[in-house]
Amino acid sequence: MSRINRQITLAARPVGRPQESDFALVETPIPELEEGQFLIHTTYLSVDPYMRGRMNDRKSYAEPVKLGDVMVGEAVGKVVESKHPKFDVGDIVAGSIGWQEYCVTDGKDIRKVRTGNQPVSAALGVLGMPGLTAYFGLLEIADPAAGETVVVSGAAGAVGSTVGQIAKIRGCRVVGIAGTDEKVAYLTDELGFDAAFNYKTTKDYVAKLAELCPEGIDVYFDNVGGPITDAVFPLLNKHARVSVCGQISQYNATKLEQGPRLLWKLIEKQARVEGFLVFQFIDKFRTAMVDLAHWVEEGQLKYRENIEEGLENAPKIFLGLFDGENIGKQLVRVSPE
């Protein structure tokens with residue numbers, strides 16, 4: 001009898017907000033391994049906002065997912081069979097495994113996982129791409145100095161919450177923007193943000209930011225875009241830096257929104273806006289991972305994981321990202337550890 005793999009594939013190109021019907025749960029046979037391949041049994045898979053862009057059929061920094069193909073994404077799992085000289089049965093690995101229960105791979109884009117005293121799921125969060133994204137997006141792009149004011153949008157997510165804490169380690173004043181009172185309390189009471197506010201219950205973003213940032217804004221880490229980002233520009237200080245990581249407020253838009261034209265503030269303040277991709281810093285990943293692991297072990301960098309059960313529920317859990325349902329890193333448990 002052939003062994004069966006369960007996979008979530010892209011069934012349709014979404015228009016606007018994706019629907020569960022844009023995905024399909026399929027069963028396929030697991031092929032026999034060839035020399036140089038190994039088989040991974042997925043433990044956790046990650047769902048992230050960037051995946052929405054991969055569902056569109058247009059050119060971007062990465063190729064779109066083809067209709068009928070497995071949804072892309074990082075996952076962590078265990079090697080259960082191997083004909084590869086560098087990967088042994090029992091190894092815990094992470095990488096571009098996709099939304100599936102099993103993955104046959106030659107090892108490209110797969111790395112061995114060592115999370116120390118932390119659970120293996122941390123390899124998809126604070127000790128994985130979200131942690132690295134926060135690290136480089138803040139330290140390499142914005143380079144905050146002690147005493148500066150750092151504002152983070154999407155601050156209760158996996159990236160934003162890490163950004164704010166690294167900024168605190170740097171000695172900055174940190175203000176977070178999130179979408180529920182529970183998230184605001186999490187940022188200030190548990191993570192040590194100096195201030196935060198709920199954008200869903202705040203009518204005047206500029207006034208609230210001016211209240212919480214009386215000396216202006218030196219660094220803005222942008223995960224959201226839209227009106228929140230528009231409100232930051234009038235408060236930028238001289239030589240401010242804006243690090244553009246994500247624009248989740250725009251991902252499901254069917255037409256380009258017309259917003260304020262505020263680039264003249266960059267001239268006035270001699271400020272800088274820069275977008276980035278975490279993989280542009282791949283030669284520095286090892287150093288970053290050492291720092292992140294040290295901060296976690298020392299208790300300077302805290303994290304939260306929201307884990308939901310079942311590969312079949314991945315589409316619904318993914319859609320919840322656009323409603324701001326998660327605090328910290330959103331994961332799907334596919335199989336027991």
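Contact check for Phe197 versus Leu209: side-chain heavy atoms found under the 4.5 Å cut-off. Under the 4.5 Å side-chain criterion, counting only non-hydrogen atoms from C-beta, Gln19 is in contact with Asp22. With a 4.5 Å cut-off on side-chain heavy atoms, Arg52 and Phe318 count as touching. At least one side-chain heavy atom of Leu45 sits under 4.5 Å from a side-chain heavy atom of Leu311. Contact of the Asn117 side chain with the Val296 side chain is not registered, since no non-hydrogen atoms from C-beta on lie closer than 4.5 Å. Side chains of Ile228 and Ser249 form no contact here, defined as non-hydrogen atoms less than 4.5 Å apart. At a threshold of 4.5 Å between non-hydrogen side-chain atoms, the residues Arg304 and Asn326 do not count as touching. Val273 is listed as a side-chain neighbour of Phe233, based on a closest heavy-atom distance under 4.5 Å.
The local environment of CD in Gln280 is crowded, with over 12 non-hydrogen atoms from other residues, nucleotides or ligands closer than 6.0 Å. More than 12 heavy atoms of other residues, nucleotides or ligands lie within 6.0 Å of NZ in Lys200, so this atom counts as buried by the packing criterion. For CD of Glu182, the number of neighbouring non-hydrogen atoms (other residues, nucleotides, ligands) closer than 6.0 Å is 12 at most. At most 12 heavy atoms of other shown residues, nucleotides or ligands fall within 6.0 angstrom of atom CD in Glu63. Atom NZ of Lys78 is surrounded by 12 or fewer heavy atoms from other residues, nucleotides or ligands within 6.0 Å. The neighbour count for Lys302 NZ, taken as heavy atoms of other residues, nucleotides or ligands under 6.0 Å away, does not exceed 12.
Using a 4.0 Å cut-off between a side-chain N of Lys or Arg and a carboxylate O of Asp or Glu, Arg17 and Asp323 qualify as a salt bridge. With respect to the salt-bridge test (charged N to carboxylate O, under 4.0 angstrom), the residues Glu140 and Lys284 qualify.
Evaluated for a side-chain hydrogen bond (donor to acceptor under 3.5 Å, both in side chains) with Thr28, the options Gln7, Arg6, Arg3 yield exactly one hit, Gln7. The side-chain hydrogen bond (donor to acceptor under 3.5 Å, both in side chains) with Ser121 is formed by just one residue from the set Glu305, Lys329, Glu337; it is Glu305. A side chain to side chain contact (heavy atoms under 4.5 Å, CB included) with Val219 holds for exactly one of Thr149, Val163, Val150; it is Val150. Checked options Arg241, Arg173, Lys238; the residue passing with Glu148 is Arg241 (criterion: salt bridge (Lys or Arg N to Asp or Glu O under 4.0 Å)).
For the 3.5 Å distance criterion, the side chains of Glu297 and Gln118 qualify, holding a donor opposite an acceptor. A donor-acceptor contact closer than 3.5 angstrom links the side chains of Gln330 and Asn306. Checked by atom type, the side-chain pair Asp222/Tyr220 shows a donor-acceptor distance below 3.5 Å.
Ring geometry, His84 versus Phe38: the interplanar angle exceeds 60°, so the pair is classed perpendicular (tilted spans 30 to 60°).
Residues Val278 and Val159 share a single hydrophobic cluster, defined by chaining ILVMFWY side chains whose heavy atoms lie under 4.5 Å apart. Residue Phe221 is grouped with residue Phe136 when hydrophobic side chains (ILVMFWY) are merged at heavy-atom distances under 4.5 angstrom, including chains of intermediate members. No chain of hydrophobic side-chain contacts below 4.5 Å, direct or via other Ile, Leu, Val, Met, Phe, Trp or Tyr residues, connects Leu277 to Leu139.
Closest non-hydrogen pair, Gln300 versus Gln165, comes out as O-OE1, 3.7 Å. Taking both residues in full, the closest heavy atoms of Asn5 and Gln100 are given as ND2-OE1, 3.2 Å, listed atom of the first, atom of the second, then distance. Heavy atoms only, all atoms of each residue included: Ile110 and Ile97 are closest at CD1-CG1, 3.9 Å.
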Next on the checklist: For Lys83 and Asp106: C-alpha separation, side-chain torsions, deciding distance, then whether salt bridge (Lys or Arg N to Asp or Glu O under 4.0 Å) applies.
Outcome noted: CA-CA 9 Å; Lys83 290 186 176 181; Asp106 61 5; over 6 Å; no
Next on the checklist: Determine whether Arg170 and Asp143 satisfy the following criterion, salt bridge (Lys or Arg N to Asp or Glu O under 4.0 Å), listing intermediate values before the conclusion.
Outcome noted: CA-CA 9 Å; Arg170 273 284 181 103; Asp143 191 23; 3.2 Å; yes
